[in-house]
Amino acid sequence: MAVRSRTDLIVLHCSATRAGQAVTAAQIRDWHLARGFSDIGYHRVIRRDGTVEAGRPLDAVGAHVAGHNARSVGVCLVGGLDDRTGAPADTFTPAQWTALRALVGELVARYPGARVLGHRDLSPDLDGDGVVEPREWLKSCPCFDARAWAWREGFPV
Ligand SMILES: [Zn+2]
């Protein structure tokens, strides 16, 4: 797996699954393998209970945001869809917010100069680098305003 030479962006994602679904990194890895990826696309997964799971090695090139994988690390929060309607929604648990704050703090320290934003803040780059996601997902992921969150937490945006 290729190693990144730079890390400018910390990109937040959601799994686009209903709030009641207790998805794990192993499940997401299976979905991504089924889509033809060599491994799970994200570097870290935050489960509903706040457990942080490893995805790809932190310094490996991920497969989570078309056109920006060579310069970004990808974090996925499990959830993002309303249980009843299936519509994009901020469904994240207090444990997930606590874990996200700690994790992004570690990443910001590891990658000085990197900015925090959400997947939807990056326009899709149709350069064929292997990531094709449903249009609706691209529009809403991670289902909350990642930059506003990062700003409130004092992280670089
Ligand atoms: Zn995403």
Side-chain angles (χ1 to χ4, degrees), residues 1-2 4 7-48 50-83 85-93 96-97 99-101 103-104 107-108 111 114-151 153 155-157:
M1 206 170 280
R4 284 193 312 281
T7 304
D8 304 325
L9 303 171
I10 296 165
V11 184
L12 307 187
H13 297 265
C14 69
S15 61
T17 49
R18 292 182 187 233
Q21 283 182 263
V23 172
T24 66
Q27 285 172 279
I28 297 174
R29 178 175 283 112
D30 285 345
W31 299 339
H32 287 183
L33 291 175
R35 282 161 62 183
F37 294 12
S38 59
D39 192 2
I40 185 171
Y42 310 116
H43 299 88
R44 291 290 183 268
V45 172
I46 302 179
R47 285 162 62 166
R48 301 293 295 167
T51 303
V52 178
E53 292 189 292
R56 294 194 183 201
L58 266 187
D59 292 324
V61 174
H64 58 96
V65 54
H68 303 279
N69 285 309
R71 64 185 189 113
S72 66
V73 60
V75 173
C76 177
L77 289 149
V78 171
L81 300 184
D82 182 85
D83 251 333
T85 66
D90 178 347
T91 64
F92 306 105
T93 67
Q96 285 181 300
W97 292 118
L100 181 66
R101 191 177 302 123
L103 176 59
V104 170
L107 294 173
V108 163
Y111 303 113
R115 298 183 295 123
V116 182
L117 42 62
H119 188 181
R120 70 186 183 191
D121 299 317
L122 294 163
S123 57
D125 181 347
L126 303 176
D127 64 0
D129 74 349
V131 181
V132 179
E133 293 176 280
R135 183 167 291 275
E136 288 304 314
W137 181 5
L138 275 182
K139 264 196 284 193
S140 51
C141 182
C143 300
F144 67 97
D145 188 338
R147 284 190 292 196
W149 171 83
W151 175 261
E153 297 293 337
F155 296 128
V157 294

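This chain uses plain numbering: 1 for the first residue, then up along the sequence. Just follow the structure's listing: the first ligand is 1, and inside any ligand the first atom is 1. These numbers come from a predicted model, not from an experiment.
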**OP:** State, yes or no, whether a side-chain contact exists between Phe92 and Trp149 at a heavy-atom distance under 4.5 Å.
**Re:** no
Original post:
What pairs with Arg115 under side chain to side chain contact (heavy atoms under 4.5 Å, CB included), at least two apart in sequence or on another chain?
Top reply: Leu9, Leu117
Original post:
Sequence neighbours excluded, which residues qualify as side chain to side chain contact (heavy atoms under 4.5 Å, CB included) partners of Arg47?
Top reply: Thr24, Asp49, Thr51, Glu53
Original post:
Below 2.8 Å, any N, O or S contact between His119 and the Zn ion (ligand 1)?
Top reply: yes
**OP:** Tell me whether Cys141 has at least one N, O or S atom under 2.8 Å from the Zn ion (ligand 1).
**Re:** yes
Original post:
What's the spacing between Ile10 CD1 and Leu103 CG if we round to 0.5 Å?
Top reply: 8.5 Å
Original post:
What N/O/S atom of His13 gets nearest to the Zn ion (ligand 1)?
Top reply: ND1
